[in-house]
Amino acid sequence: MARTAAKQPENNEVGSIAPADLIKSYRLMLLIRRFEESVYQKFHENKIGGYLHRYDGQEALAAGIISQLHLPGDMILCTYRDHAHALACGTPARAVMAELMGRATGCAGGKGGSMHLIDPERGFMGGDGIVGGPVPVALGVGFALKYRNTSNVCVCYFGDGAMNQGGVHEAMNMVGLYKLPVLFILENNQFAMGTSVQRSTGQPDFVLKANAHGIQGEKADGMSLFSVHDAAERALHHIRTTGEAYFLEMDCYRFVGHGIGDDNTKGWTTYRSEEDIEQWRKRDPIHSLKDYLIERNLLSAQKFEEIDQEVQEEVKDSISFAESSPEPPLDSLYDHLYS
Amino acid sequence: MATMRYLQAVRLAMTEEMERDPNVFLCGEEVGQYQGTYRVTEGLLQKFGAQRVVDTPISEIGIAGLATGAAMAGLRPVAEFMTWSFALEAMDQLVNHAAKITYMSGGRIHCPVVFRGPAGVGTQLSAQHSQSLESWYAHTPGFKVVLPYTPSDARGLLKSAIRDDSPVIFMEHAGLYGTSGEVEDDPNFTIPFGQAAIRRAGKHCTLVSYSRGVQLCMRAADRLAEEGVECEVIDLRTLVPLDIDTVAASVSRTHHAVVVQEEWKNVSMGSEIAARIYENAFDELDAPVERVAGADVPMPYAKNLERAAIPTDIDVAAAVKRTLA
Ligand SMILES: Cc1ncc(C[n+]2csc(CCOP(=O)(O)OP(=O)(O)O)c2C)c(N)n1
Ligand SMILES: [Mg+2]
């Protein structure tokens, strides 16, 4: 099987994004960034607890792919680094923030928290706290989508570290075997906690691993909305026309620590330098999209300012909404144990 | 005697045993270069080198297999699970391989491996990361199961675990890592398995627990002492082997028993301990054994629900009053 099977478009004609959509994506990415920037503060105020993982730097992976899906028919699964995915699916920032604060108005009624956001009515089947955990579930979702004769796709996000989980390979093999409509998105942010890709696998060519399971795939620049969008467009076209899975390795970087603990203890200094982070920050997907929009005169300075104000308001509003929301009722402790 | 924190005591045990026996090595996620997720293995890579402090990918089946196979082939691995919740990935290697190989081989193979890491509930880690599953291992023949409460025990019991020729499940409590206590100076200090410790003497009611549950019992005993109720607090230290003699002897003095655990109540360690009390000291009991346990639900995230799902010293004190009523 060819390593990179999908035909690369010649002059990018497949991947052109309409200006209105670009601006939508810009707004979404900025919302995600501002949302993430607000959560550590709330953790330090003791309003958010547990583990807390941010998506700063990886926004294009949520915006460039989820915008092309037919939600809720298509279904999304992802990791604990899931705030962005919920927001991209259209879950209101209020419901996301309220979940982070464990309130009754949260998208999981306060039972899930940061790692377990979910919004099935919008096709978001949830964040998963277990590394590799969503991949076998994606196999099942893909199976159901095919079984029910839909033309829908299951999109499964997971990390570079997850590629070393046994269950991931069992699931990928079965997806390849049964020819299921699953789009695998490998969020290769170079590290699994403190372990770099080089230190975690003898074969860092992830596309090759997908190929080994009979799944076509390619690698894309996860720091560029255009690259992400175009690769996903090709992949979704492939899946919807052939019914078979596709695998995208998205090269990207998380700008902050693995989770708030890693930032609090400065554990990240054991595995990367400030200079490395600075280098990657130069490729900030939000900044480069902004530059593009300015260069092409697609958005005025004033409009940028307005968008920034708007999303900051949206985040602020989500915080006051969450803070003024009630805790879940105590007598709901045993609710939802069974259906 | 030196005063140190629980996590330092765990580290000390590993350091001493690695110095003592070149066949002892560590493996696990982030144990080396990152200096340990909870800093338990801090400095060990620098001290012992990469051959003996092995960083692994996020591959729990691999970690458990590496340790089990290496133990079968003559080494003494100490395998760390970043938390015990992730050991669920490795259940087959643990239950169907490590625990059984000695028996299946008619005693021809030893499997001197220690599986260790933080366990316990709390801090809003929610359903997949906040759970206590010690009874799963205690249920499985072939494992010894150890849950230390004090720094001295953490060190003394881990040293025994590393020297033991059978697979040992060693569950530390993340919520105890920061607690301090005195630790013996003798580098050969070990604590044998199967010997419970009486943490506090009392004549009215026996409280039986392990790991952080002992802390709840001690606090409850303090509260109740103010009201003139004297509790005897027993720290089991090891669940397998279980020192039922110490428990039964205590119950025959107090005639009342409360069993305390953080794990779910249904089919749990507490069920087993209560049954053993009935088997061994039925005639001594003046009231049924009371059990205090975690609510039988996946751990909810919201603070108020989490608080309601995790047992407290107030719950323990209330149970004591019920049994004495
Ligand atoms: C089975 C399992 N093992 C270990 C962990 C602890 N853990 C949480 S996130 C993480 C790193 C995952 O890295 P990666 O898959 O690259 O995703 P990223 O965090 O970089 O997005 C680890 C080791 C876990 N949650 N589940
Ligand atoms: Mg990663």
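Throughout, protein chains are lettered first and strands after them, A, B, ... in sequence-line order, and every chain is numbered starting at 1. The structure displayed is predicted, hence computed values, not measured ones.
The number of heavy atoms from other shown groups lying within 6.0 Å of CD (A:Glu45) is above 12. Atom CD of B:Gln46 is surrounded by more than 12 heavy atoms from other residues, nucleotides or ligands within 6.0 Å. Within 6.0 Å of the CD atom in A:Glu274, the count of heavy atoms belonging to other residues, nucleotides or ligands does not exceed 12. Surrounding NE2 of B:His139 are at most 12 heavy atoms belonging to other residues, nucleotides or ligands under 6.0 Å away. Residue B:Arg219 qualifies as open at atom CZ: its count of foreign heavy atoms under 6.0 Å is 12 or below. Atom CD of A:Glu121 sits in a sparse spot, with 12 or fewer heavy atoms from other residues, nucleotides or ligands closer than 6.0 Å.
Taking the six-membered ring for Trp and thresholds of 30 and 60 degrees, A:Tyr51 and B:His129 have ring planes more than 60 degrees apart, a perpendicular arrangement.
A distance-only check finds no donor-acceptor pair linking the side chain of B:Tyr301 to the backbone of A:Met101 [under 3.5 Å]. Looking only at distances, no side-chain donor or acceptor of B:Asn304 sits under 3.5 Å from a matching main-chain atom of A:Leu330. Listed for the B:Gln128 side chain is no donor-acceptor partner under 3.5 Å among the backbone atoms of A:Asp128. Using modelled atom types, one side-chain atom of A:Gln165 and one backbone atom of B:Ile58 make a donor-acceptor pair closer than 3.5 Å. In terms of modelled atom types and a separation under 3.5 Å, the side chain of B:Gln124 and the main chain of A:Ile48 share no donor-acceptor contact.
When every heavy atom of A:Trp268 is checked against every heavy atom of B:Tyr34, the shortest pair comes out as N-CE1, 4.5 Å. In terms of heavy-atom proximity, A:Leu333 sits nearest to B:Pro300 at CD1-CG, 3.8 Å. Nearest heavy atoms, B:Ala302 versus A:Gly102: CB-O, 3.3 Å.
Rounded to the nearest 0.5 angstrom, B:Met299 CE and A:Lys111 NZ are separated by 13.0 Å. To the nearest 0.5 angstrom, A:Asp262 atom CG is 9.5 Å from B:Thr37 atom OG1. The CD atom of B:Glu30 sits 7.5 Å away from atom OG1 of A:Thr270, with the distance rounded to the nearest 0.5 Å.
Only the side chain of B:Arg39 comes within less than 4.5 Å of a heavy atom in chain A; its backbone stays farther off. When heavy atoms are compared at a cutoff of 4.5 Å, B:Thr123 approaches chain A solely by way of its backbone atoms N, CA, C and O. Contacts between A:Leu337 and chain B at a heavy-atom distance below 4.5 Å involve the side chain alone, from C-beta outward. Heavy atoms closer than 4.5 Å to chain A are found nowhere in B:Glu29, neither backbone nor side chain. For A:His116, the part lying near chain B is the side chain, with the backbone staying farther off; criterion is any non-hydrogen pair under 4.5 Å. Contacts of A:Arg199 with chain B are made by side-chain atoms alone, with heavy-atom separations under 4.5 Å and no backbone atom involved. Contact annotation for A:Asp331: neither backbone nor side-chain heavy atoms come within less than 4.5 Å of a heavy atom of chain B.
A:Asn46 places a side-chain heavy atom less than 4.5 Å from the side chain of B:Lys303. Using a 4.5 Å cut-off on side-chain heavy atoms (C-beta onward), A:Ile130 and B:Glu89 make contact. Contact of the A:Ser332 side chain with the B:Leu305 side chain is registered, since non-hydrogen atoms from C-beta on lie closer than 4.5 Å.
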Could you check A:Tyr334 against B:Val297 for side chain to side chain contact (heavy atoms under 4.5 Å, CB included), going step by step and ending with a plain yes or no? CA-CA 7 Å; A:Tyr334 289 90; B:Val297 293; 3.5 Å; yes
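Between chain B and the options A:Thr269, A:Val168, A:Thr265, A:Leu100, the largest number of non-hydrogen pairs under 4.5 Å is found for A:Leu100.
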